[in-house]
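Let me begin by presenting the structure, written as structure tokens, before commenting on it.
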Amino acid sequence: MSYGPEEHYKGLSPELEKCRHSAAHIMAQAVKRLFPEAKITIGPAIETGFYYDFDLNKPFSPEDLTRIEDEMRKIVKENYPFLREELSRGDATLLFEKMKEPFKVEILNEIKEDRVSTYRQGEFLDLCRGPHLESTGKLKAFKLLSIAGAYWRGSEKNKMLQRIYGTAFPSQQELDAYLKQIEESKLRDHRKLGKELGLFSIHSEAGPGLIFWQPKGGRVRWVLENFWRQEHFRRGYEFVYSPHVARLELWKTSGHWDYYRDSMYPPMELEEDQYVTKPMNCPGHILMFRSGVRSYRDLPLRFAELGTVYRFERTGVLHGLMRVRGFTQDDAHIFCTPQQLQGEIQSVLELVDFMMKIFAFTYQVALSTRPEKFAGQLEMWDKATQALEEALKARNIPYKVDPGEGVFYGPKIDIKLIDALGRPWQGPTIQVDFNLPERFEATYVASDGKHHPVVMVHRAVWGSMERFLGILIEHFGGAFPLWLSPVQVKVLPITSDEIPYAQEVKQRLVKEGLRAELDDRSEKIGFRIREAQVEKVPYMLVIGGREAQGHTVAVRERKKGDLGVMDLDAFLKKAQEEVEQKSA
RNA sequence: GCCGAGAUAGCUCAGCUGGCAGAGCACGUCCUUGGUAAGGACGAGGUCACGGGUUCGAUUCCCGUUCUCGGCUCCA
């Protein structure tokens with residue numbers, strides 16, 4: 001499973017493409033003016049802007065970025081036309097050799113066409129397919145954003161280059177809107193909100209990539225887990241628990257030791273035996289499946305577990321809750337007959353749809369088919385792929401096909417969820433697995449009295465509690481819907497005279513199952529409201545003399561503000577209904 | 001792991017070119033009883049991430065380690 005937000009290439013309009021690609025050239029020109037020793041490599045337009053990679057001995061500093069940007073403004077002002085020239089590949093190679101641009105020469109060596117094109121603006125010339133703006137003066141709005149290391153041709157084995165990221169738009173308004181969106185994303189950063197709202201923490205004393213759920217985050221997770229169990233039980237899942245460590249031998253049988261060792265914590269020696277912490281739950285579940293003779297009458301068997309796994313991830317890739325070393329998957333393995341496969345996939349798709357709607361995510365579906373290297377029989381692959389495809393069709397789900405993108409052990413359906421800011425995240429996954437049943441000789445007895453290999457479906461709806469909560473934090477900007485909020489209601493007496501009634505109100509709410517807290521500190525009401533707002537508490541009940549007298553509450557909603565006075569019972573009913581409906 | 005940047009009070013951050021460590025918020029005590037987003041006074045808080053080095057003297061300069069951040073690569 002991968003970490004998002006990931007590349008979600010909608011394809012740029014030709015206009016935007018030209019604008020950004022030209023911006024990249026102008027940046028390269030500016031860099032060459034300021035750092036003549038820099039070697040140019042490639043500089044494409046990307047969804048969020050553009051970049052250009054340079055080979056230069058000394059690193060760019062943030063001040064350099066400003067200087068480069070200023071130089072770019074000059075180039076825009078100088079308004080050079082972008083001039084296209086065509087020449088033979090051989091001539092181009094000679095040209096770039098003369099210019100001492102070895103990376104361009106390397107690219108030319110791999111180009112198959114005989115004719116190539118270059119673009120010139122002023123003194124700067126680059127090998128490029130184009131197209132470009134008419135002239136540098138047409139670049140209206142751009143900004144350089146960051147400096148980063150990037151491998152030449154994206155390979156770890158190659159030299160590390162220096163990449164400068166920037167963005168450009170046809171108009172200043174569009175640029176401003178984009179910069180504002182970046183700010184908005186920063187405000188929603190789950191690491192920032194997680195700290196501010198007391199949801200979770202990470203401690204260097206304990207180690208990187210290990211999450212500690214603080215009380216507030218613990219509440220949210222607890223609510224989510226209960227909901228998850230309830231929905232799964234309703235849908236015929238059984239809950240199992242499997243140990244966190246197991247003999248190394250088990251992981252050799254499953255194949256993980258061969259294929260996945262780099263991501264596993266190394267073995268522990270115990271009484272002349274070796275144990276490893278689990279990086280996945282599947283081998284445990286398959287042991288449980290295999291613990292007795294299974295008849296086709298017993299199937300399907302759906303083993304679900306909020307299973308905590310540990311994977312070694314390189315420090316450089318760790319990221320808040322999104323990429324961690326210890327996490328809890330909302331895992332389940334479905335053991336069924338080939339005939340049942342399509343129906344089971346449909347049920348999972350139904351569950352996925354249900355879950356996505358609950359949290360107000362939209363989503364996109366992709367079907368990944370057989371890769372070149374694969375386990376199992378061809379015939380099985382075809383049947384399984386067909387089952388996945390038919391399940392999607394039966395449920396009228398639009399999807400695209402990613403040919404050859406399946407895992408070696410089986411085809412899969414991957415679902416990307418789109419959050420409130422339109423950002424995509426790797427979400428639910430449904431994978432058919434031919435490999436493990438074979439390795440473990442997991443079979444069932446069919447009506448013919450013979451053993452047949454069982455079909456195993458591996459699926460996760462949320463992925464992991466950590467990542468899903470991270471996505472939820474960003475999706476809701478920390479303002480969880482009522483049913484998920486760690487503190488749902490804050491009771492705020494105006495003066496100390498109303499404390500007894502406020503206590504009564506709070507206790508009533510708690511008794512009725514709401515997570516209510518009383519803030520009776522001797523602070524002004526405005527101050528306590530502000531604090532509750534900052535904590536993103538959905539409802540504040542302001543209680544003054546009038547309310548205490550009339551057994552009412554003055555309701556304030558965090559987004560809509562003052563809702564006016566209500567009977568306590570009326571508020572209770574309203575809140576309970578909202579919780580029940582899980583309105584997002 | 002790689003390139004770059006960073007680590008100063010619980011949090012957010014200031015501290016120019018070496019000379020006994022600062023602000024706001026939060027926290028504690030007291031005053032204030034205030035009707036829908038910040039009332040006031042006083043106070044406590046630091047091995048300047050850790051370990052070495054240079055120096056009369058290091059939060060500041062150098063090296064290493066750990067962790068964090070932006071990317072790259074990786075990611076069943």
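Sequence lines set the chain letters: A, B, ... in the order given, protein chains first and strands last, and positions in each chain run from 1. Being a predicted model, the structure only gives us computed values, none of them experimental.
Rounded to whole Å, the distance from CD on A/Gln329 to C1' on B/C75 is 13 Å. If you measure from atom CG of A/Asp414 to atom P of B/C75, you get 14 Å, rounded to the nearest angstrom. Following rounding to the nearest Å, A/Leu197 (CG) and B/U12 (P) show an atom-to-atom distance of 14 Å. Rounded to an integer number of Å, the gap from A/Phe54 CZ to B/C72 P is 17 Å. Following rounding to the nearest Å, A/Ile499 (CD1) and B/G34 (P) show an atom-to-atom distance of 13 Å. In this entry the distance linking CE of A/Met322 with P of B/G71 reads 13 Å, nearest Å. For the pair A/Glu535 CD and B/U36 C1', the interatomic distance rounds to 16 Å; values are reported in whole Å. One interatomic measurement links the two molecules: CD of A/Glu313 to P of B/C74, which rounds to 13 Å at whole-angstrom precision.
Residues A/Glu517 and A/Lys506 are not paired through a salt bridge, judged by the lack of any N-O separation under 4.0 Å between the basic side chain and the carboxylate. Salt bridge absent: A/Lys32 and A/Glu37 never bring a charged side-chain N and a carboxylate O closer than 4.0 Å. Using a 4.0 Å cut-off between a side-chain N of Lys or Arg and a carboxylate O of Asp or Glu, A/Arg67 and A/Asp64 qualify as a salt bridge. No salt bridge links A/Lys192 with A/Glu474; every basic N to acidic carboxylate O contact stays at or beyond 4.0 Å. Salt bridge A/Lys180/A/Glu183: absent, no basic N to carboxylate O contact under 4.0 Å. A salt bridge is absent between A/Glu535 and A/Arg528; no separation between the charged side-chain nitrogens and carboxylate oxygens falls under 4.0 Å. Using a cutoff of 4.0 Å between basic side-chain nitrogens and carboxylate oxygens, A/Lys412 and A/Glu405 are not scored as salt-bridged.
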### Query
Can you give the dot-bracket line for RNA chain B, using ( ) for pairs inside the strand, [ ] for pairs that cross earlier ones, | for pairs with another strand and . for unpaired bases, where Watson-Crick and G-U count if both distances are under 3.5 Å?
(((((((..((((.....[..)))).(((((.......))))).....(((((..]....))))))))))))....
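The separation of B/A49 from B/A9, taken at their P atoms, amounts to 8 Å, rounded to a whole angstrom. Atom name C1', nucleotides B/U17 and B/C27: the rounded distance is 37 Å, in whole Å. Distance check on atom P: B/G46 versus B/A38 gives 32 Å, rounded to whole Å. The separation of B/A26 from B/A5, taken at their P atoms, amounts to 36 Å, rounded to a whole angstrom. Nucleotides B/C74 and B/G51 have their P atoms positioned 38 Å apart, rounded to a whole Å. For B/C48 and B/U60, the C1' atoms lie 10 Å apart once the distance is rounded to whole Å. Look at the P atom in both B/A58 and B/G19: the space between them is 11 Å, to the nearest Å. Using P as the reference atom, B/C11 and B/U68 are 15 Å apart when rounded to the nearest Å.
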### Query
Between A/Cys282 and A/Met456, is a side chain to side chain contact (heavy atoms under 4.5 Å, CB included) present by the stated rule, with each step listed?
CA-CA 10 Å; A/Cys282 11; A/Met456 184 176 180; 3.9 Å; yes
### Task
For side chain to side chain contact (heavy atoms under 4.5 Å, CB included), just list the numbers for A/Asp414 and A/Gln426, CA-CA rounded to whole Å, side-chain angles, deciding distance to a tenth of an Å, and then say yes or no.
CA-CA 8 Å; A/Asp414 274 328; A/Gln426 172 59 50; 3.7 Å; yes
### Task
Could you walk me through whether A/Arg219 and A/Val487 pass side chain to side chain contact (heavy atoms under 4.5 Å, CB included), step by step?
CA-CA 9 Å; A/Arg219 286 186 181 195; A/Val487 178; 4.0 Å; yes
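Every pair passing ring pair (Phe, Tyr, Trp, His ring centres under 6.0 Å) that includes a residue from residues 543-567 of chain A is listed here, sequence neighbours excluded: A/Tyr501-A/His551. Sorted by first and then second residue, the salt bridge (charged side-chain N to carboxylate O under 4.0 Å, His left out) pairs involving residues 549-560 of chain A (not counting sequence neighbours) form an empty list.
Relative to the side chain of A/Tyr409, the nucleotides B/G35, B/A76, B/A37 differ in distance, and B/A76 lies closest. Residue A/Ile525 places its side chain closer to B/G35 than to any other of B/C72, B/G35, B/A37. The side chain of A/Arg314 approaches B/C74 more closely than any other nucleotide in the set B/G35, B/C74, B/A37. The listed nucleotides are B/C72, B/G34, B/A76; the one nearest the side chain of A/Arg528 is B/G34.
Under the 4.5 Å side-chain criterion, counting only non-hydrogen atoms from C-beta, A/Phe335 is in contact with A/Phe303.
Distances shown here put a side-chain N or O of A/Lys195 below 4.0 Å from the OP1 or OP2 atom of B/U12.
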Return the polar atom pairs (N/O with N/O) between nucleotides 60-69 of chain B and the protein under 3.5 Å, or none.
{"residue": "B/C69", "atom": "OP1", "partner": "A/Arg191", "partner atom": "NH1", "Å": "3.2"}

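Counting any heavy atom pair closer than 4.0 Å across all strands shown, A/Arg163 reaches sugar-phosphate atoms only and no base atom. The residue A/Glu547 sits close to a base: some heavy atom pair falls under 4.0 Å. Looking at heavy-atom distances under 4.0 Å, A/Ala532 makes no contact with the nucleic acid at all.
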### Summary
With B for base contact, S for sugar-phosphate-only contact and - for none (protein heavy atoms under 4.0 Å), nucleotides 2-8 of chain B reads BBS----
### Task
Take nucleotides 38-50 of chain B nucleotide by nucleotide from the 5' end and write B, S or -, depending on whether a protein heavy atom sits under 4.0 Å from the base, only from the sugar-phosphate, or from neither.
BB-----------
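Between the side chain of A/Asp433 and the backbone N or O of A/Val457, no donor-acceptor pair lies under 3.5 Å.
Between A/Phe60 and A/Phe54, the angle of the ring planes goes over 60°, which puts this pair in the perpendicular group of the 30/60° scheme.
For the pair A/Arg153 and A/Met280, both in contact range of RNA chain B, the more 5′-proximal nearest nucleotide belongs to A/Arg153. In this structure, A/His256 and A/Val542 both approach RNA chain B, and ranking their closest nucleotides by distance from the 5' end singles out A/Val542.
By the 6.0 Å contact criterion, CD on A/Glu184 is enclosed, its count of non-hydrogen atoms from other residues, nucleotides or ligands being greater than 12.
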